[in-house]
Amino acid sequence: MKPAFWLLAAALPIDASARPMRRLLSCAWLIASLLIASTASADEPKIAYETFALPNGMKVYVIEDHRSPMVYEVIWFKVGSKDEVAHRTGFAHLFEHLMFKGSAHLPDGLMDRLLEAGGGEAGGSTSGDMTVYRNAASASLLETMLWIDADRLAGLTDTLDQAKLDNQRDVVLNERRQVFENQPYGFAQLMILDKLWPADHGYHWSTIGEVTDLRAAALPDVTAFFKKYYVPNNATMVIAGNVQPAEARRMVEKYFAWIPRAPEPARPRYQVPPALTAQVSLTATDDVKEPRVYLTWRAPGEFTAGESALYLAAAVLGGGKTSRLYRRLVYGEKIAQDVRAELDRHELGDTFQIVATAKPGTDPQRLIQEITEEVAGLAAHDPDPVELERAQAGLEATFLHGLESVLRRALLLAEYAVLAHDPDYFVKDIAGFRAVTAAQVKDATARYLAPNARVVLTIKPGAKPQEAP
């Protein structure tokens, strides 16, 4: 994923299924008249849309933008890996794959051929909190895209059999090998999640799922998961681009209104986990040339107090080559090859992470110590006003430029509608970010980034593990 406007998930590759959706930071205030409508002044922009709901509970938003011949269709299902349960993980991500393998009236492969013929493509992403499908093609294919997704929503399980499940299970297991097992430092995030969240919490396991769970997944369990969460009243659609709202509504009603409403999904409920009160230290080896350290904290969840201040703390500490950690570790001490700080958003709790790769000959413990000192400095003293203003201006400008993309606006609107329960949240989001003070950045750092409330992982050169230690 996150202010929510950092989501802009379309910045992900079209098949970025194994990773949580990251928050894109994009560049300039230039689209008020065409891309954004103003509620009061140019300082209070919001995404312009029309909306309606079907009797079966599906919510629909339409963003009209005729500057391109393309139209984009996004369906956001409120189901992610946190909606799974222990020993039955990986189902949300598995369906991201199965949704492209044919349905009742859509043979496997036909979807791609239809969209590619119209200069388009299809893709999907899964995170701990959601599964999103997106189609793009020339506007003349909007009706085709809607027919495709209605057939997938209503008829996927009609053709789901053991052979399809086995095939896509193997695809996912291979993807897991590519993303985690075969990548340098690949097991890092799996090890961190394991210690950052309790074993019974929905963020304890990775979105891609545990190997044993994927291998044990049975057809009845997988089918039940789909029928529980892939229902119209758990779906939010955004149609954006070269489209007339009235015509879009006619098509949506034609293809989706007949699908019956289902019971609201009964989701796992998680207690707020006990705070970490002592640093968790982990060490592992991998087939890498230099050590790397990861310092990770829990943080407040999406759309909660403290998020905006922590975004700015990340920018001040490790948001580029002018940040404190980069200037200290890379330019000054010359003990790190790179360093970054980022806040990754999730509905039930964010993660704040600082990652640094050592230069040859550097003891990784020295990196940890100097990072700790820099975080402590921000926790004890307000950032310089110029430093804070630069961080605010940079993040705001890059975000606003990102709204040039029609698809990104569609994804952002869906995020606000589903997770903030307010499709007009943009105004509140950006206003909250602008209002952050230096004292709030300091206080948020002190509150959430304490040295006794973190997981510290050090990966050193050595044998590559066959599975997460």
Side-chain angles (χ1 to χ4, degrees), residues 1-2 6 11-13 16 18-27 178-193 196 279 281-297 299 310-345 350-378 383 387 390-391 394-395 398 441 445 449 451 454-462 464-465:
M1 16 91 196
K2 241 317 14 291
W6 311 122
L12 292 173
R19 297 173 62 101
M21 295 199 319
R22 298 278 181 172
R23 280 52 177 165
L24 175 71
L25 302 175
S26 318
C27 231
Q178 292 177 342
V179 171
F180 296 112
E181 298 170 27
N182 296 339
Q183 290 293 321
Y185 312 100
F187 281 123
Q189 300 303 336
L190 299 184
M191 296 176 64
I192 292 165
L193 289 176
L196 191 65
Q279 175 177 299
S281 298
L282 307 172
T283 302
T285 60
D286 201 349
D287 184 16
V288 296
K289 292 184 178 180
E290 302 300 337
R292 179 176 289 176
V293 298
Y294 300 76
L295 289 76
T296 310
W297 294 260
L310 284 174
Y311 266 111
L312 288 164
V316 169
L317 287 168
K321 294 184 178 180
T322 61
S323 66
R324 293 185 179 189
L325 287 170
Y326 203 97
R327 285 186 283 119
R328 176 171 179 169
L329 303 182
V330 178
Y331 290 145
E333 300 292 337
K334 295 181 172 56
I335 59 174
Q337 300 181 47
D338 53 66
V339 62
R340 70 179 187 273
E342 58 190 10
L343 184 72
D344 195 13
R345 299 185 65 182
D350 301 342
T351 57
F352 189 106
Q353 187 170 82
I354 299 173
V355 183
T357 307
K359 277 198 169 182
T362 298
D363 183 347
Q365 287 302 313
R366 183 179 174 189
L367 283 180
I368 294 169
Q369 179 59 37
E370 298 211 15
I371 291 170
T372 301
E373 291 174 3
E374 206 61 60
V375 173
L378 186 58
E387 184 179 35
R390 180 173 62 240
L395 294 180
T398 55
V441 174
T445 303
L449 307 186
R454 67 190 186 186
V455 175
V456 177
L457 168 63
T458 303
I459 296 182
K460 300 179 179 181
K464 188 171 191 68

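Remember, it's a predicted structure, so these values are computed and weren't measured experimentally.
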Which residues share a side-chain hydrogen bond (donor to acceptor under 3.5 Å, both in side chains) with [X], sequence neighbours left out:
| X | answer |
| --- | --- |
| Q369 | E373 |
| T372 | R454 |
| D338 | T357 |

Give the minimum heavy-atom separation between [X] and [Y], together with the two atoms involved.
| X | Y | result |
| --- | --- | --- |
| L295 | V293 | CD1-CG2, 4.1 Å |
| Y311 | L395 | O-CD1, 4.2 Å |
| K460 | P364 | CE-CG, 4.2 Å |
| L282 | V455 | CD1-CG1, 3.9 Å |
| G318 | S323 | CA-OG, 3.4 Å |

- What do you reckon, is NZ of K359 surrounded by more than 12 foreign heavy atoms closer than 6.0 Å? yes

- Message: Please enumerate all residues that pass salt bridge (Lys or Arg N to Asp or Glu O under 4.0 Å) together with K464, with sequence neighbours excluded.
- Response: D286

- Contacts of type salt bridge (Lys or Arg N to Asp or Glu O under 4.0 Å), residue E370, not counting sequence neighbours: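 Salt bridge (Lys or Arg N to Asp or Glu O under 4.0 Å) check on E370 returns R328, R366.
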
- Message: List the residues meeting side chain to side chain contact (heavy atoms under 4.5 Å, CB included) with Q183, not counting sequence neighbours, and say none if there are none.
- Response: none

- Side-chain donor-acceptor contact under 3.5 Å, Q353 with T351: no

